[in-house]
Engineer: 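What follows is a single structure, and I will ask about it in a moment.
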There are 2 protein chains.
Amino acid sequence: MLNSGLTPAKSLSIEVAERICAERGARFTPLRRTALEVLLEFNGPVSAYDFLPALAQRLGRRLAPPTAYRALGFLLEQGFICRIETRNAFTLATHLEDRNAGVFFLCDHCGATVEVDADGITELLAGRAAALGFEVGRRIVELQGICADCRYTTAAVEGQSQVVRGRRA
Amino acid sequence: MLNSGLTPAKSLSIEVAERICAERGARFTPLRRTALEVLLEFNGPVSAYDFLPALAQRLGRRLAPPTAYRALGFLLEQGFICRIETRNAFTLATHLEDRNAGVFFLCDHCGATVEVDADGITELLAGRAAALGFEVGRRIVELQGICADCRYTTAAVEGQSQVVRGRRA
DNA sequence: TTTATTATGTGATAACATAACAAAATCCTA
DNA sequence: TAGGATTTTGTTATGTTATCACATAATAAA
């Protein structure tokens with residue numbers, strides 16, 4: 001399943017996030033902390049509307065969508081999580097240092113997502129941008145397709161495939 | 001405004017689309033043809049819900065969302081248009097030959113969108129994919145930032161910026 | 001023709017996201 | 001530390017994007 005069952009972001013934890021926020025003067029409030037805890041537990045991409053009840057349950061109170069989106073917005077701003085555009089989902093960042101530097105491989109078959117470092121790609125894109133006089137902020141690179149596991153283990157079951165997370169291409 | 005006012009996709013026209021569909025055995029129905037005409041006229045990215053009334057007007061009848069989405073889906077399948085993920089918008093493809101090979105530069109300030117060829121990037125990503133055993137289908141590369149025009153002509157008006165099309169990062 | 005397949009119409013609803021304003025918590029500074 | 005400013009969170013409502021499910025119509029295949 002292309003690594004989606006492994007623990008992502010070994011580098012990110014509540015403690016690390018707390019320290020980073022302190023350094024930046026960002027307020028790591030109970031809500032935001034709990035939001036990050038929930039995402040750490042999800043161990044994979046989660047939609048805002050799956051995240052919402054999980055966060056609410058952990059806090060022991062009802063929450064409305066804006067609260068969830070604000071918490072996600074904060075975590076995005078801090079670079080603790082990434083948004084997967086083609087799935088409207090959020091997942092832990094695996095690279096706290098160089099934000100938006102990741103490339104996402106997204107399996108259309110099993111829903112697995114893997115973020116890898118984009119060495120080389122970043123530079124290439126920077127070159128294109130420079131040629132256009134374009135100042136790059138956020139980079140989105142998402143590759144949809146079939147992961148190794150699905151290619152080798154389910155080649156015979158074409159047609160009855162199901163996606164666990166996310167939508168098909 | 002980074003080219004967004006120029007005519008995109010010189011290579012794509014109703015006639016070309018018709019020929020391609022004929023070659024492929026795809027049915028270029030009146031609805032689909034009209035949908036492409038509407039997109040050719042838009043001359044830039046358009047949301048499904050802006051496209052819907054434009055298509056309805058041109059056909060002289062009321063349409064419901066699924067009809068618009070189906071037409072867009074067909075044009076996407078044929079590679080005549082691209083979806084800009086970070087804007088939930090659709091725009092003419094500028095590369096009929098190598099689908100999904102484009103890189104989009106999206107200005108957060110004026111909304112301009114430019115698609116450029118992704119030579120080199122495609123190969124680099126293919127290399128990463130091969131290393132993972134991942135079979136790539138669709139590639140999404142979108143770079144958000146500030147276009148040359150906005151950098152040079154509106155550097156002094158920070159804070160009162162407005163986006164014409166699309167949302168801010 | 002008849003039958004199958006593909007495309008479109010239609011109403012409802014699902015899924016994703018934000019506006020607008022009120023209340024509470026925190027920060028700042030005198 | 002009291003008081004005002006700022007930031008965060010609560011809450012209601014609504015805006016935006018996308019699809020389901022089933023009916024009808026058009027086209028293709030036999």
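Just so it is clear, the values below take in all heavy atoms, side chains as well, and ignore hydrogens, waters and symmetry mates. Below, chains carry the letters A, B, ... as their sequence lines are ordered, and counting in each starts from 1.
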Engineer: Quick one: are Leu92(B) and Glu115(B) in side-chain contact, heavy atoms under 4.5 Å?
Structural biologist: no

Engineer: Tell whether Tyr49(A) reaches the base of dA14(C) with its side chain through a donor-acceptor pair below 3.5 angstrom.
Structural biologist: no

Engineer: Would one find a side-chain N or O of Thr67(B) under 4.0 angstrom from OP1 or OP2 of dT8(C)?
Structural biologist: no

Engineer: Strictly below 4.0 Å: does Asn88(B) bring a side-chain N or O up to OP1 or OP2 of dA18(D)?
Structural biologist: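 Looking at the OP1 and OP2 atoms of dA18(D), one of them is under 4.0 Å from a side-chain N or O of Asn88(B).
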
Engineer: Using whole Å, what does the distance between atom C1' of nucleotide dG15(D) and atom OH of Tyr69(A) come to?
Structural biologist: 12 Å

Engineer: Closer to the 5' end of DNA chain D via nearest nucleotide, is it Ala64(B) or Leu63(A)?
Structural biologist: Leu63(A)

Engineer: May I ask you to evaluate whether Arg70(A) reaches the phosphate of dT18(C), defined as a side-chain N or O under 4.0 Å from OP1 or OP2?
Structural biologist: no

Engineer: Between Arg61(A) and dG10(D), is there a side-chain N or O to OP1/OP2 distance below 4.0 Å?
Structural biologist: yes

Engineer: Measure CZ/Arg24(A) against C1'/dT7(D) and give the value in whole Å, please.
Structural biologist: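 It is 18 Å, rounded to the nearest whole Å.
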
Engineer: Side-chain donor or acceptor of Arg62(A) under 3.5 Å from a matching atom on the base of dG10(D)?
Structural biologist: no

Engineer: With nearest nucleotide decided by heavy atoms, which residue, Ala89(B) or Arg27(B), maps closer to the 5′ end of DNA chain D?
Structural biologist: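 Per heavy-atom nearest nucleotide, the more 5' residue is Ala89(B).
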
Engineer: If only side-chain N and O atoms of Arg32(B) are considered, is one of them under 4.0 Å from the OP1 or OP2 phosphate oxygen of dA26(D)?
Structural biologist: no

Engineer: If you apply the rule side-chain contact (heavy atoms from CB on, under 4.5 Å), what do you find for Leu143(B) with Phe104(B), and how did you get there?
Structural biologist: CA-CA 6 Å; Leu143(B) 304 186; Phe104(B) 282 97; over 6 Å; no

Engineer: Would you tell me if any nitrogen or oxygen in the side chain of Thr29(A) comes within less than 4.0 Å of OP1 or OP2 on dT9(D)?
Structural biologist: yes

